[in-house]
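Taking it in order: structure first as structure tokens, then the write-up.
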Amino acid sequence: LVSFEKARKILTSQWGFGDTESGVSTTAVFVGPSGVGKKASVKAISRELGRPIHVIEASEFLRVGISKLSNKIKEKFRDGQNAGAIIVISGAEILLHPDMWKSSASSSHRAVTSQLVSNLSSFSGVSVLLVTTQNDSSSEFELDSLPVQLQHILRVWVKFERPDES
């Protein structure tokens, strides 16, 4: 992730691989139980790239009415883009859980997740979704359990586990 981001300017401006202003996103998902270093890893990436971090709580999107949802998500991503920030979506498990993609999920959950995927794919920068699992079980958050439209925009999937106690 860090190597790609450092090479992005050379790839886009000198070698002509795309436009630096259009959606060449680097989207990562960090999955694991609380306390294993997901946030610390984001801080290390931020320091290495020299970029600030903008944290968005996923639950914040669920509190916004459907009519205001699109603007709220766009606003958060625009603010992050303007600051050259790494967008971190904390609590993403409520948006990425496989049940949220089923037709039986509430329309507000599906709308949030759909808007999120749209904004992630057009964001020209680094975004990290933090998924906190219960205990050490992260089996419900496997890459292939996510819808194809989300899988296509993910560049990095990291599964964090607790170290052995031995």
Side-chain angles (χ1 to χ4, degrees), residues 1-2 4-5 8 18-34 36-43 45-46 49 51-134 138-160:
L1 188 140
V2 170
F4 177 81
E5 282 303 305
R8 180 193 294 263
D19 177 1
T20 57
E21 299 304 315
S22 63
V24 182
S25 64
T26 302
T27 303
V29 176
F30 292 177
V31 179
S34 183
V36 294
K38 298 181 300 288
K39 288 180 185 174
S41 295
V42 171
K43 288 177 183 176
I45 291 167
S46 168
L49 294 175
R51 295 187 188 169
I53 297 172
H54 280 204
V55 177
I56 303 169
E57 292 294 331
S59 61
E60 180 180 337
F61 293 140
L62 298 176
R63 289 191 296 266
V64 175
I66 294 290
S67 62
K68 297 178 183 177
L69 177 65
S70 180
N71 288 337
K72 184 71 169 176
I73 292 176
K74 285 179 186 175
E75 172 190 320
K76 292 288 188 179
F77 275 85
R78 185 178 53 245
D79 291 349
Q81 187 80 50
N82 291 340
I86 296 172
I87 299 279
V88 176
I89 301 174
S90 185
E93 61 275 4
I94 64 173
L95 302 175
L96 299 183
H97 195 281
D99 289 345
M100 291 300 109
W101 296 85
K102 294 180 181 175
S103 59
S104 60
S106 75
S107 60
S108 62
H109 277 84
R110 286 196 315 273
V112 168
T113 307
S114 177
Q115 282 292 324
L116 181 63
V117 169
S118 174
N119 281 275
L120 286 169
S121 63
S122 62
F123 181 64
S124 297
V126 178
S127 52
V128 181
L129 290 83
L130 301 179
V131 175
T132 301
T133 58
Q134 298 299 317
S138 57
S139 60
E140 75 256 30
F141 292 104
E142 295 296 336
L143 181 58
D144 60 357
S145 70
L146 299 175
V148 174
Q149 65 267 37
L150 185 57
Q151 291 179 30
H152 285 301
I153 65 169
L154 295 179
R155 187 172 304 276
V156 179
W157 179 276
V158 181
K159 192 180 224 180
F160 287 76

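Along the sequence shown, residues carry numbers from 1.
I153 and T27 get closest at one heavy-atom pair: O-CB, 3.4 Å. Smallest separation of non-hydrogen atoms from F30 and K38: O-CD, 3.6 Å. The shortest heavy-atom contact between A85 and H54 is CB-CD2, 3.5 Å.
When atom types are taken as modelled, the side chain of S90 and the backbone of I56 share no donor-acceptor pair closer than 3.5 angstrom. A donor-acceptor pair is defined here as one N or O able to donate and one able to accept, closer than 3.5 Å; no such pair exists between the side chain of S46 and the backbone of V42. Judged purely by atom type and a 3.5 angstrom limit, Q81 has no side-chain atom pairing as donor or acceptor with the backbone of F123.
Put simply, OG1 on T133 and CD on E93 are 8.5 Å apart, with the number rounded to the nearest 0.5 Å. In this structure, N71 CG and Q115 CD are separated by 9.0 Å, a value rounded to the nearest 0.5 Å.
Put simply, the residue from I53, L1, V156, V2 that forms a side-chain contact (heavy atoms from CB on, under 4.5 Å) with V126 is L1.
Partners of A58 according to the side chain to side chain contact (heavy atoms under 4.5 Å, CB included) rule, which considers only residues two or more places apart in sequence or in another chain, are I89, I94, L95. K72 meets the salt bridge (Lys or Arg N to Asp or Glu O under 4.0 Å) test with E60; sequence neighbours excluded. Take E57 and apply the salt bridge (Lys or Arg N to Asp or Glu O under 4.0 Å) test, not counting sequence neighbours, and it matches no residue.
No side-chain heavy atom of I87 sits less than 4.5 Å from a side-chain heavy atom of K76.
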| field | L116 and L129: CA distance, side-chain angles, deciding distance, side-chain contact (heavy atoms from CB on, under 4.5 Å) verdict | value | CA-CA 11 Å; L116 181 63; L129 290 83; 4.2 Å; yes
